[in-house]
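To keep things clear, I will list the structure first and then write my remarks on it.
Remember, predicted model here, so these are calculated numbers, not experimental data.
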Amino acid sequence: MSHNLSDSLPATEVDLLSPMLNQQGPVWTADFRGLKLRTALQPIYSISHKRTVGYEALIRAFDNDNASVLPLHLFELPASQAENLLLDRLCRYLHIRNYSEIKDQLNWLFLNVSPQVVTSGSQSDSFFGQLLEKTGLPPHRIVMEIVEQPTDDAEKLRDTVAYYRKLGCLIAIDDFGAGHSNFERIWNLSPDIVKLDRTLLTRATEESRARQILNGMVSLLHQSGCLVLLEGVETRAQAMIAIDAGVDFVQGFYFRRPCLELDELPQATTNFEDLLEEYKSSKQISHDPTQLVVNHFTEPFRRVIERLQQGLSMDQACFELLGHHTVSRCYLVDDNGVQLEDTLVSDRAVEKQDPRFRPLENTSSADWFRQQYLRQALAQPESIHVTAPYLCVTGAYMCVTLSLAFYLEGQLRVLCCDILANTDHNP
């Protein structure tokens, strides 16, 4: 192929690219710079549906000896921006040709495209619309993956994404959570799907704190109106982390490696039944740790309330509760969420207080109404409520909070108690 391409490509580029494709039975290949390009597809699975819902298309290059050439080296070959754009479009053309041959009339095809390539083309990328029209692949089965990296022209990127969406394609942000990724792109592009970078899963495999961050990120993306895909799942343990994080879709070597034998893909299955049963069993075996905390502290809580109703002070009423090795502090709140009196801190918590957070220690008259545990208690008096582990603002440590609303001299009050979340002892 000639290296002296013009700086701009014609709008009718589908006709220019067609001679570069070759068909061998149901499989299409393409020629570029003496290399043979082939399509590899990797399945994407919905955890809840327990089946394949799409495939990511990946390019594979081979030399004259049929030796594999790294994709990185392939994309270093273009000698100009025009040739770079041509290679990107050639890959998309090849993938769509191959996918159209698969007897699958339902699932998505995920296509990668970088912001630099998107914004270097015409604003409406008319090539892609022509390509879909030529191949007959419905646009609603295409997911355009925008690689998460800086772009010189954010406005043009938004316009191009708007064009794909107007065609009827879905939009995905790829590699979110690594490098230059941030929520500004989520707000600007409003993607349908966000693909979390595999480094997030690697961290979550190694650190419990990273797992909590992963779970929180998934929750935030869901609240932003995005479906979430976790890629790079390579082990059964990572599959369980993905299930627990609440992601919608998974992808990775554990389920299926990218496959060049495209006719085998529709028959590929993964046993999600076993994974989900293992997950359910693990949750049942743990017996819901928050409920264990509630069960353990129910009677001590009742005794505190009885003492308060008998006229004892908070110091006297909470003496037993504060003596428990996991309890850090107790406090009383009125029906407006405002704390009454000073917080009672256990001796162990006093010993471990971090002087760096001393400005946060005094919580007299603090307003806790924003906290869910306080609102839940007020809405359901006489029932103990417990939070998931969170960072306590009064001492910057991880805890769970127990809360129970009761009547004291005709007025509604809420007894709150912080339990250390990271302790080597069981309740």
Side-chain angles (χ1 to χ4, degrees), residues 208-209 212 289-408 411-427:
S208 59
R209 184 176 181 182
Q212 293 171 354
T290 57
Q291 189 58 46
L292 289 177
V293 172
V294 170
N295 294 341
H296 183 82
F297 284 102
T298 294
E299 287 307 314
F301 250 59
R302 300 292 183 193
R303 289 194 287 272
V304 170
I305 290 171
E306 288 174 2
R307 292 168 188 151
L308 290 172
Q309 291 173 334
Q310 291 169 3
L312 274 66
S313 67
M314 274 286 287
D315 279 330
Q316 295 170 319
C318 294
F319 181 81
E320 174 193 0
L321 194 56
L322 287 169
H324 195 280
H325 63 268
T326 65
V327 174
S328 64
R329 60 189 67 208
C330 298
Y331 49 101
L332 198 63
V333 181
D334 68 17
D335 58 355
N336 286 317
V338 178
Q339 183 171 328
L340 305 169
E341 307 179 18
D342 291 334
T343 299
L344 300 177
V345 183
S346 70
D347 292 339
R348 292 179 185 82
V350 170
E351 294 172 359
K352 295 182 178 181
Q353 281 179 334
D354 190 332
R356 296 176 302 165
F357 296 102
R358 189 159 292 163
L360 305 176
E361 289 176 8
N362 188 342
T363 56
S364 180
S365 299
D367 194 323
W368 303 113
F369 190 80
R370 292 181 302 158
Q371 303 301 322
Q372 187 178 18
Y373 65 81
L374 193 282
R375 299 199 302 275
Q376 285 180 330
L378 289 171
Q380 296 177 300
E382 310 300 337
S383 296
I384 294 184
H385 300 270
V386 61
T387 67
Y390 70 100
L391 186 68
C392 177
V393 69
T394 58
Y397 58 85
M398 295 300 293
C399 75
V400 298
T401 297
L402 292 169
S403 57
L404 189 151
F406 66 100
Y407 285 94
L408 181 63
Q411 294 183 314
L412 195 59
R413 297 287 183 257
V414 181
L415 174 65
C416 299
C417 175
D418 288 351
I419 310 293
L420 296 174
N422 298 324
T423 176
D424 296 329
H425 304 283
N426 294 322

Separation between [atom1] of [X] and [atom2] of [Y], rounded to the nearest 0.5 Å:
| X | Y | atom1 | atom2 | answer |
| --- | --- | --- | --- | --- |
| Leu378 | Arg413 | CG | CZ | 10.5 Å |
| Leu322 | Ser346 | CG | OG | 6.0 Å |
| Leu420 | Arg348 | CG | CZ | 10.0 Å |
| Thr343 | Arg329 | OG1 | CZ | 6.0 Å |
| Trp368 | Asp334 | CH2 | CG | 13.5 Å |
| Thr326 | Ile419 | OG1 | CD1 | 4.5 Å |

Worksheet item: With a cut-off of 6.0 Å (strictly less than), are more than 12 heavy atoms of other residues, nucleotides or ligands near CD of Gln372?
Response: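 12 or below, so no.
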Of all the heavy-atom pairs spanning [X] and [Y], show the shortest one and how long it is.
| X | Y | value |
| --- | --- | --- |
| Leu344 | Cys318 | CD1-CB, 4.0 Å |
| Ile384 | Thr298 | CD1-CA, 3.6 Å |
| Met314 | Leu332 | CE-N, 4.0 Å |

Fill in: Evaluation steps, side-chain contact (heavy atoms from CB on, under 4.5 Å), between Leu321 and Phe297
CA-CA 8 Å; Leu321 194 56; Phe297 284 102; 3.7 Å; yes
Worksheet item: Is there a side-chain contact (heavy atoms from CB on, under 4.5 Å) between Val333 and Leu340 once you walk through the steps?
Response: CA-CA 5 Å; Val333 181; Leu340 305 169; over 6 Å; no
Just so I know, are the side chains of [X] and [Y] near enough to count as touching, which here means a heavy-atom distance under 4.5 Å?
| X | Y | answer |
| --- | --- | --- |
| Val414 | Tyr373 | no |
| Cys416 | Asp418 | no |
| Leu415 | Cys417 | no |
| Tyr390 | Cys399 | yes |

Worksheet item: Within the side chain of Arg375, is there an N or O that forms a donor-acceptor pair under 3.5 Å with the backbone of Phe369?
Response: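 Indeed, once roles are kept as given, a pair shorter than 3.5 Å links the two residues.
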Discussion item. Looking at Thr387 and Thr401, would you say the former's side chain and the latter's main chain have a donor-acceptor pair under 3.5 Å?
Written reply: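 The answer is yes, because a donor-acceptor pair under 3.5 Å joins these two groups.
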Worksheet entry | Verdict with reasoning, Tyr407 to Leu412, per side-chain contact (heavy atoms from CB on, under 4.5 Å) | CA-CA 5 Å; Tyr407 285 94; Leu412 195 59; 3.7 Å; yes
Item to complete: Step by step, work out the side-chain contact (heavy atoms from CB on, under 4.5 Å) result for Val386 and Gln376.
Response: CA-CA 9 Å; Val386 61; Gln376 285 180 330; over 6 Å; no
May I have the list of side-chain donor-acceptor pairs in residues 300-307 shorter than 3.5 Å, sequence neighbours left out?
{"residue": "Arg302", "atom": "NH2", "partner": "Glu382", "partner atom": "O", "Å": "3.2"}
{"residue": "Arg303", "atom": "NE", "partner": "Glu320", "partner atom": "OE1", "Å": "3.1"}
{"residue": "Arg303", "atom": "NE", "partner": "Glu320", "partner atom": "OE2", "Å": "3.4"}
{"residue": "Arg303", "atom": "NH2", "partner": "Glu320", "partner atom": "OE2", "Å": "2.7"}
{"residue": "Arg307", "atom": "NH1", "partner": "Ala317", "partner atom": "O", "Å": "3.1"}
{"residue": "Arg307", "atom": "NH2", "partner": "Glu320", "partner atom": "OE1", "Å": "3.2"}

Practice prompt. Could you check whether the rings of His324 and His296 sit parallel, tilted or perpendicular, using 30° and 60° as the cut-offs?
Written response: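 Rings of His324 and His296: perpendicular, as their planes differ by over 60°.
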Discussion item. Once side chain to side chain donor-acceptor pair (under 3.5 Å) is applied, do any residues pair with Glu341, and if so which ones, sequence neighbours excluded?
Written reply: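 With sequence neighbours excluded, Glu341 shows a side chain to side chain donor-acceptor pair (under 3.5 Å) to no residue whatsoever.
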